[in-house]
Student: 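Below: one structure in structure tokens.
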Amino acid sequence: QELRADRDFMLAAACFCAPGEAMRFAASELCADLSSFSAGAPQAGEEVSVDTFIPAPHVSPNDSTNSIFLCPKQSDEHVKQVTNHQLTTELVVSSDEEVMNSALPPLVDPAAVLQSVKDSGVQVLASAPVELRGDQEFMLSVAVCYPLVEVMPFFTEELRLHLRADRSFMLRAIQEMGPDILAQASLDLRGDREFMLAAASCCEPRLALKYASDKLLSELCADRSFMLKAVQQVGTAVLARASADLRADKEFIVSAATWRPPTEVLKYASKKLKEELCLDRDFMLKVVQQ
């Protein structure tokens, strides 16, 4: 307050400000003192020399003639309003910046999230960003630490659809979760002979093959070597799915009888073949032996 009432200080300060800025903050007493010189003064903004000086709020430091510009003195109330407006504007701008910053997505470190999952459990994934839960590499890294049955519920739908067609993932899922997971395999995989045979090696073939496509199932049921292996692993009941050609094939039925009781195998032979085998000395001796 003392500096704002000091004439020399305020006039010096006026040299470094835009017109009218410094004197807006002058004390009321100094304004009253300076107003006594204002009679006959030029209009605000009119240039006068130092010799004819009339109190003015600003002295331009760049003017080689040390000219003084008259500007209207603002009241203390006006100064207070302007100051409050400036502070309010600064607060609003600061608040807007904070809102914008808070709206920005946080940087997520996959390694940090993975470590958190290892430390605290798979439920941490419930609050993980969608980008991570849809990242195949990240989610399969989690599945190294936890069973698939616990991790898969956190897959995004897009990732789930993608993995349904992934051969290696689905085979692992069969090993961990059982053959019923094949219901979620893509149609292409369920119609893929190589994949379905690999799936059948991970569990009971009959359980896996019930999810094979109709076309593939027809092919497999007509495949001699596949059906003999199925008889060996599953039992004679699988012969019910054998093609009509195989059930009428004497060599196939006799081979099947080497793995299972001949009387059980004979039930699935065609009517014509059954009559023929009943007249076959070697086959009937085998039946008697077993």
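Here the structure is a predicted model, which means the values were calculated and not measured.
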Student: How close do Tyr146 and Gly121 get, heavy atom to heavy atom, and via which atoms?
Tutor: OH-CA, 3.3 Å
Student: Do Phe226 and Leu207 sit in one hydrophobic cluster, given that two such residues count as connected whenever their side-chain heavy atoms are within less than 4.5 Å of each other, even indirectly?
Tutor: no
Student: Could you work out, with side-chain hydrogen bond (donor to acceptor under 3.5 Å, both in side chains) as the rule, every residue matching Arg160, not counting sequence neighbours?
Tutor: none
Student: What's the shortest heavy-atom distance between Ala143 and Val151, and which atoms?
Tutor: CA-CG2, 4.0 Å
Student: Would you say Arg190 and Leu216 make side-chain contact, with heavy atoms under 4.5 Å?
Tutor: no
Student: Could you walk me through whether Lys267 and Thr236 pass side-chain contact (heavy atoms from CB on, under 4.5 Å), step by step?
Tutor: CA-CA 9 Å; Lys267 293 177 182 178; Thr236 55; over 6 Å; no
Student: Looking only at heavy atoms, what is the nearest atom pair of Asp8 and Asp6, with distance?
Tutor: N-OD1, 3.1 Å
Student: Does any non-hydrogen side-chain atom of Leu246 lie less than 4.5 Å from one of Asp223?
Tutor: no
Student: Assess whether atom CD of Glu157 is packed by more than 12 heavy atoms of other residues, nucleotides or ligands within 6.0 Å.
Tutor: yes
Student: Would you find a donor on one side and an acceptor on the other, under 3.5 Å apart, between the side chain of Arg247 and the backbone of Ala242?
Tutor: yes
Student: Using 4.0 Å as the upper bound for N to carboxylate O, is an ion pair formed by Lys272 and Glu275?
Tutor: no
Student: Which pairs with one or both residues in residues 130-140 pass side chain to side chain donor-acceptor pair (under 3.5 Å), sequence neighbours excluded?
Tutor: Gln136-His162
Student: Is any side-chain heavy atom of Lys250 closer than 4.5 Å to a side-chain heavy atom of Asp280?
Tutor: yes
Student: So, do Thr156 and Met139 sit near enough that their side-chain heavy atoms are less than 4.5 Å apart?
Tutor: no
Student: If hydrophobic clusters are built by linking Ile, Leu, Val, Met, Phe, Trp and Tyr wherever their side-chain heavy atoms come under 4.5 Å apart, do Val234 and Met196 end up in the same one?
Tutor: no
Student: Would you say NZ of Lys274 has more than 12 non-hydrogen atoms from neighbouring residues, nucleotides or ligands within 6.0 angstrom?
Tutor: yes
Student: Measure from the side-chain N and O atoms of Ser116 to the backbone N and O of Ala112, and report whether any donor-acceptor pair falls under 3.5 Å.
Tutor: no
Student: Are the side chains of Leu132 and Pro110 in touch, meaning some heavy atoms are under 4.5 Å apart?
Tutor: yes
Student: Can you confirm whether Leu125 sits close enough to Phe138 that some side-chain heavy atom of one is under 4.5 Å from a side-chain heavy atom of the other?
Tutor: yes
Student: Provide the closest heavy-atom pair for Leu189 versus Arg164 in the form atom of the first, atom of the second, distance.
Tutor: CD1-O, 3.3 Å
Student: Does this structure show an ion pair linking Glu176 with Arg172, if we count only N-O contacts that are shorter than 4.0 Å?
Tutor: yes
Student: I want to check something: taking the side chain as every heavy atom from C-beta on, are Gln115 and Asp109 in contact at a cut-off of under 4.5 Å?
Tutor: no
Student: Using a 6.0 Å cut-off, check whether atom CZ of Arg224 has over 12 heavy atoms from anything other than its own residue.
Tutor: yes
Student: Testing the basics here: between Leu209 and Leu217, what is the closest heavy-atom pair and its distance to 0.1 Å?
Tutor: O-CD1, 3.7 Å
Student: In the single-linkage hydrophobic clustering (I, L, V, M, F, W, Y; side-chain heavy atoms under 4.5 Å), do Tyr268 and Met284 co-cluster?
Tutor: yes
Student: For Asp119, does the CG atom sit with more than 12 other heavy atoms under 6.0 Å from it, leaving out its own atoms?
Tutor: yes
Student: Can you check side-chain contact (heavy atoms from CB on, under 4.5 Å) on Arg167 and Asp192, steps first, answer last?
Tutor: CA-CA 10 Å; Arg167 183 183 303 267; Asp192 185 300; 3.0 Å; yes
Student: Should Val149 and Phe169 be counted in the same cluster of Ile, Leu, Val, Met, Phe, Trp and Tyr side chains packed under 4.5 Å apart?
Tutor: yes
Student: Linking I/L/V/M/F/W/Y whenever any side-chain heavy atoms sit under 4.5 Å apart, do Met170 and Leu161 land together?
Tutor: no
Student: Determine whether Trp259 and Val265 make a side-chain contact, defined as any pair of heavy atoms from C-beta on separated by less than 4.5 Å.
Tutor: no
Student: Can you name the nearest heavy-atom pair linking Cys145 to Lys118, along with the distance?
Tutor: SG-CE, 3.6 Å
Student: Sub-3.5 Å donor-acceptor pair from the side chain of Ser127 to the main-chain atoms of Val124, do we have one?
Tutor: yes
